[in-house]
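Take a look at the structure set out below.
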Amino acid sequence: MKSKLITYYHRFCRWQEAGPHYLNRHEGCMQHCHNCGTEFADNFCPRCGQRAEMGRVGWNSIKDNIALLWGMDSRSFTYTIFQLLTRPGYLVRDYISGRRQVSFPPVKMLVIVSLFAVIVESVFHLNNDVVPIQINIPEIDNMIKWFNDNKSWGMLFVQSFFILPTWVAFRFAPGYPRHTLPEGFFLQVFLGVQGLLLGFLDYLNGDIENVIVPIYMIITYHQLFGYGWWGTLWRFVVSFLTVLMMLLPFVTIGLLLGYSEENVNLSFGYGDMEISLMEAGPILLSILILLMVVMLFVTYRISRNKSKKQ
């Protein structure tokens, strides 16, 4: 039994690494393009790009036009979702390395999945906030509410904080070295879609989502960048802590602004030294920024030194 499970696992890993392949359904069978009249033996006309199956209007034409309305005419939405949940890192590598035809456009996918999540929440009266914080300042809380109501923008806002830390921590990865910031943007868009999909688990149990989402992110980084599990884990932890440090100043400033005038003058002391809350804020923020820079620099140097040795 154990040997069978190991065999199935290795077979699954080989399937993940192999990636999608194209099948010519019309090989050896000449097709006539109804658009430009070209004769060809392929899935698409080499002259105008029309599909070989395109002919007279039928029931499939209605389905195709409805799919076209949602931007799902040429690449399978469900196929990309399946790939994102079964081989996420390899899917992202395929896309950012130039194999874009194998997947549905990630930004469109993010919008469609977020819209579906909003519909589910409206119909079943559920709630799963993308930005689950409240500052008690009307202007900031209204902006957070807008992000939670518009989940695609909210997820882009949250995931965008991972772009720079991920770029620094995984810059010299053996599986995909020298990746760029624009590639990091699309990585985070895919992860945003992944987070929204796994967010449906929150409707059942919020604790499950809090565990599954980080695990999926680590698996994605492991498959994409090619580090071992330990190398991926500690770099992910550094990236995650950096993101928290990048978000904490916004939360701290909001909390300070949300205090009343009496609360702002509160102070704490140690021995003969007494520091007010307003004086301590900039000091703490400076320490956080310095710590963040040191963490990223050390991670960058370690990754660079290891890449030179290889």
Side-chain angles (χ1 to χ4, degrees), residues 13 16-17 84-85 87-99 103 106-107 110 130-131 154-198 209-252 284-310:
C13 290
Q16 286 181 310
E17 296 176 4
L84 190 59
L85 295 177
R87 53 184 301 272
Y90 299 119
L91 171 68
V92 175
R93 184 189 296 182
D94 289 338
Y95 186 86
I96 64 178
S97 62
R99 301 179 66 186
S103 65
V107 177
L110 178 65
V130 176
V131 187
M155 188 59 73
L156 276 178
F157 172 76
V158 173
Q159 294 297 139
S160 64
F161 285 92
F162 280 90
I163 295 176
L164 182 59
T166 300
W167 179 80
V168 175
F170 294 90
R171 175 69 170 156
F172 301 99
Y176 198 85
R178 301 285 182 176
H179 72 285
T180 64
L181 290 176
E183 291 172 346
F185 167 78
F186 284 102
L187 164 62
Q188 299 308 322
V189 172
F190 275 111
L191 289 175
V193 177
Q194 189 183 88
L196 286 175
L197 291 172
L198 298 175
E209 181 197 3
N210 295 333
V211 174
I212 294 296
V213 170
I215 290 177
Y216 253 96
M217 289 185 69
I218 293 172
I219 292 173
T220 303
Y221 285 151
H222 169 69
Q223 294 181 353
L224 171 60
F225 295 114
Y227 283 114
W229 287 110
W230 169 245
T232 303
L233 179 61
W234 75 262
R235 287 177 175 85
F236 171 78
V237 170
V238 169
S239 301
F240 184 76
L241 292 177
T242 303
V243 171
L244 291 181
M245 293 179 186
M246 294 168 68
L247 290 171
L248 195 57
F250 295 98
V251 177
T252 304
L284 293 176
L285 293 180
S286 300
I287 294 174
L288 283 176
I289 293 173
L290 179 61
L291 182 59
M292 181 181 67
V293 172
V294 170
M295 287 174 56
L296 291 178
F297 178 76
V298 172
T299 304
Y300 180 87
R301 294 297 301 181
I302 293 175
S303 300
R304 184 178 182 182
N305 292 337
K306 285 189 176 181
S307 68
K308 286 183 177 179
K309 291 179 182 179
Q310 295 174 354

Once you round to the nearest 0.5 Å, how far does [atom1] of [X] lie from [atom2] of [Y]?
X: Q159; Y: L196; atom1: CD; atom2: CG; value: 9.0 Å
X: F190; Y: L91; atom1: CZ; atom2: CG; value: 5.0 Å
X: L181; Y: E183; atom1: CG; atom2: CD; value: 9.5 Å

| Residue list, side chain to side chain contact (heavy atoms under 4.5 Å, CB included) with F297, at least two apart or on another chain |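 With sequence neighbours excluded, F297 shows a side chain to side chain contact (heavy atoms under 4.5 Å, CB included) to R301, given in chain and number order.
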Return all side-chain donor-acceptor pairs below 3.5 angstrom for residues 211-219, not counting sequence neighbours, or 'none' if the list is empty.
{"residue": "Y216", "atom": "OH", "partner": "L85", "partner atom": "O", "Å": "2.7"}

Check: [Y] and [X] side chains under 4.5 Å, non-hydrogen atoms:
X: Y95; Y: P106; value: yes
X: F186; Y: I163; value: no
X: W234; Y: I302; value: yes

| task | Indicate yes or no for a side-chain donor-acceptor contact from S160 to the backbone of F157 under 3.5 Å, with no hydrogens or angles considered. | result |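 Such a contact is found between S160 side chain and F157 backbone.
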| Looking only at atom types and distance, does a side-chain atom of W167 sit under 3.5 Å from a main-chain N or O of T180, one as donor and one as acceptor? |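 No: the side chain of W167 does not pair with the backbone of T180.
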| task | Would you please test R87 and D94 for side chain to side chain contact (heavy atoms under 4.5 Å, CB included) and show each step? | result | CA-CA 11 Å; R87 53 184 301 272; D94 289 338; 3.3 Å; yes
| task | Apply side chain to side chain contact (heavy atoms under 4.5 Å, CB included) to R171 and R178, showing your working. | result | CA-CA 5 Å; R171 175 69 170 156; R178 301 285 182 176; 3.8 Å; yes
| message | Minimum heavy-atom separation for P174 and G226, please, with both atom names. | response |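 In terms of heavy atoms, the two residues are closest at CG-O, 3.6 Å.
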| task | Assess whether side chain to side chain contact (heavy atoms under 4.5 Å, CB included) is satisfied between Y90 and L224, documenting all intermediate values. | result | CA-CA 6 Å; Y90 299 119; L224 171 60; over 6 Å; no
| query | Do S97 and Y176 have side-chain atoms, one donor and one acceptor, less than 3.5 Å apart? | reply |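 Short answer, no.
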| said: Under a 3.5 Å threshold, yes or no: a donor from one side chain and an acceptor from the other, between Q194 and T220? | reply: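 Per modelled atom types, Q194 and T220 side chains form a pair under 3.5 Å.
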| said: Could you walk me through whether F236 and H222 satisfy the ring-ring contact (aromatic ring centres under 6.0 Å, His included) test, starting with their C-alpha distance in whole Å, then the side-chain angles of each, then the deciding distance to 0.1 Å, before giving a yes or no? | reply: CA-CA 10 Å; F236 171 78; H222 169 69; over 10 Å; no
| task | Please say whether more than 12 non-hydrogen atoms of neighbouring residues, nucleotides or ligands are located less than 6.0 Å from CH2 in W230. | result |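 Result for CH2/W230: open.
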| request: Please report the C-alpha distance between Y227 and Y221 in whole Å, then the side-chain angles of each, then the deciding distance to 0.1 Å, and finally whether the side chain to side chain contact (heavy atoms under 4.5 Å, CB included) criterion is met. | output: CA-CA 8 Å; Y227 283 114; Y221 285 151; over 6 Å; no
Using distance only, find each side-chain donor-acceptor pair of residues 239-248 under 3.5 Å and give its atom names and separation, not counting sequence neighbours.
{"residue": "S239", "atom": "OG", "partner": "R235", "partner atom": "O", "Å": "3.0"}
{"residue": "T242", "atom": "OG1", "partner": "V238", "partner atom": "O", "Å": "2.7"}

